[in-house]
Structure formats: C-alpha cells, structure tokens
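Encoded as structure tokens, the structure appears first; notes follow it.
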Amino acid sequence: MKYTFIYKGETDSTNLEAGRLADEVSHGTVIVAERQTAGRGRRGRSWLSESGENLYFSLLLKPDFAPEQASMLTLVMAQAVAEGIDSMCGCKCQIKWPNDIVLHGKKVCGILTEMQLEAGRIKHVIVGVGINVNQMEFAAEGLAYAGSLRRELGVEVDKQKILVEILERFKGLYQAFCQEGSLKSIQKAYEDKLANYGKEVKVLDPKGTYQGVALGINDKGELLVRRADGTVEEVYAGEVSVRGLWGYV
Ligand code: BTN
C-alpha cells in the first residue's frame, strides 16, 4: 500500500472529510487534521478535538474483501497504534477490547471504523484514529479514564513521527490480514496487549448484562468470555461494551 497524505488545519471530522473525498482519492489516502470541529466517536458520541496538540487522522481503504471483514480492521489498526506508540515512546500500552489504547489505565486513543457499501460490496472503509498525544488539560469528568501520552510519560511526543510509525506497522499487518482474510496472524500479538486478558469483565449487551472471564479473541476479533456456568460467549463488538468489574479497564 502506498500512502498519500492530505493535511488540514481544521476540518469537521477527518472521517467525514475522507468520505467526501473518497471517489477522487486512492486506496491508502490519509487525511490528517490539526483540529476537528465535530470529531466523532463510537456509538454517536463526539470526540473532543479542539487542541492542536493531538493526532487526528483517517485512513481511506478500498479493499476487495467482504463487508463482514471490515470491522476487523479496527483491531488491526489498534495493534498498529499500540505497537507504534510502544516503539516510539519506549512504553508498554495495552488494548482495551476492541480498540481503545490504554496507557497506565487511561484511554489515550480511540478508533472509529466506518464503511460505505455499494451493491453489497465495500465501496470504501475509513479507519479514523484519535490519539491524545501532548494534551495536558482534561475536563474533570474525563480525567478518571482519559489521558495523553505526554501526561502519562512526562515527555513531549512528536505527533508526526508517531503517525509514520503507526502507518508503517499498519501496512505489514494489513497485508497479512488481507492474505489470510482473518486476524490469525495478529491474534497472539493482540492478546499479549489485551488489557482485559484473563480478567473478570462485565459485558454490557443490550439483551442483558453478564459477567465472565475474558479468555482472548478468536480470529474474527470477537472477545471470548467464559461465563460462570462454563459456556464461552463470542462477543461481537457492534452493540456491546465491555468493562472491568471495578472500572473502565
Ligand atoms: C472512540 O469513540 O473511541 C473513537 C474515537 C475516534 C476519533 C477519531 S479522531 C480522527 C477520526 N475523525 C473522527 O471524527 N473520529 C476519528
């Protein structure tokens, strides 16, 4: 994959911008913005993006695979982000399934994957990544679970270098993912980073909340959760949230 970069000082949302440009630009286009006025998070939430200190980017892909596989790209990107941050910052961040990157128990990155279909096939997929890089001030209500690389590590971090590092890693992981059509090749590495691994979790399923132990992921990226009666659930990320018993992770 060859990356092409489009830089914006300000935009509403790099995901929206990527969607607007999708027909004119090629597979591998990366839209990067200093600030977003309407940054979007998962489940219709917003993603505060006023500060020029953070990294906001969206990668536009035009893959050949089936629509069912697109959601797995979120985990591929989560792995690339986690590895990229570790190698740049010399730290050891974790992934809260499916796609939050956590450092010292604080969320430092979120990923929003959106797909456009045409006649039942993927027209494009947009993988949007927001990383709190150098932001020091957080609203009081966010402080309990949100953080930034600088806040956690005590040093300023180069946004541009992190972006390059992440995209370099994504390229390799994406190639393996496309060859296999599953997460088989990253499953182990992902589980090594999984903050929930072997822990008691609460699964907030719209059909009913339950508790269990997170055993890892399968090659589709579903979280395997063993319930008290021994049955193992394969939890699909779509509508479901997972929490630690005592807090966010
Ligand atoms: C989450 O809710 O955790 C996902 C947040 C994703 C935010 C990023 S910032 C860049 C891209 N553009 C958006 O509007 N959202 C994503």
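Values in this document were obtained by computation on a predicted structure and should not be read as measured data. Any value given below was found using the heavy atoms of this structure, including those in side chains, with hydrogens, waters and symmetry copies removed. Both counts, for ligands and for their atoms, begin at 1 and track the order of listing.
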Quiz item: With sequence neighbours excluded, what pairs up with Leu224 under the side chain to side chain contact (heavy atoms under 4.5 Å, CB included) test?
Solution: Leu215, Asn218, Val232, Glu234
Exercise. Report, as yes or no, whether the 6.0 Å neighbourhood of atom NZ on Lys184 holds more than 12 heavy atoms from other residues, nucleotides or ligands.
Key: no
Practice problem: Output all residues satisfying side-chain hydrogen bond (donor to acceptor under 3.5 Å, both in side chains) with Asn132, sequence neighbours left out; order by chain, then residue number. | Solution: none
Quiz item: Would you call Glu152 and Lys106 a salt bridge, using N to O less than 4.0 angstrom?
Solution: no
Quiz item: In the hydrophobic clustering that connects Ile, Leu, Val, Met, Phe, Trp and Tyr at side-chain heavy-atom distances below 4.5 Å, which members other than Leu16 occupy its cluster, ordered by chain and number?
Solution: none
Quiz item: With a 6.0 Å cut-off on ring centres, are Phe177 and Phe65 close enough?
Solution: yes
May I have the N/O to N/O pairs between ligand 1 and the protein that fall below 3.5 Å, each with atom names and distance to one decimal?
unit_1   : atom_1 : unit_2 : atom_2 : d
ligand 1 : 2 (O)  : Arg42  : N      : 2.8
ligand 1 : 3 (O)  : Lys107 : NZ     : 2.7
ligand 1 : 12 (N) : Thr14  : OG1    : 3.0
ligand 1 : 12 (N) : Gln36  : OE1    : 2.9
ligand 1 : 14 (O) : Ser13  : OG     : 2.7
ligand 1 : 14 (O) : Arg40  : N      : 2.7
ligand 1 : 15 (N) : Arg40  : O      : 2.7

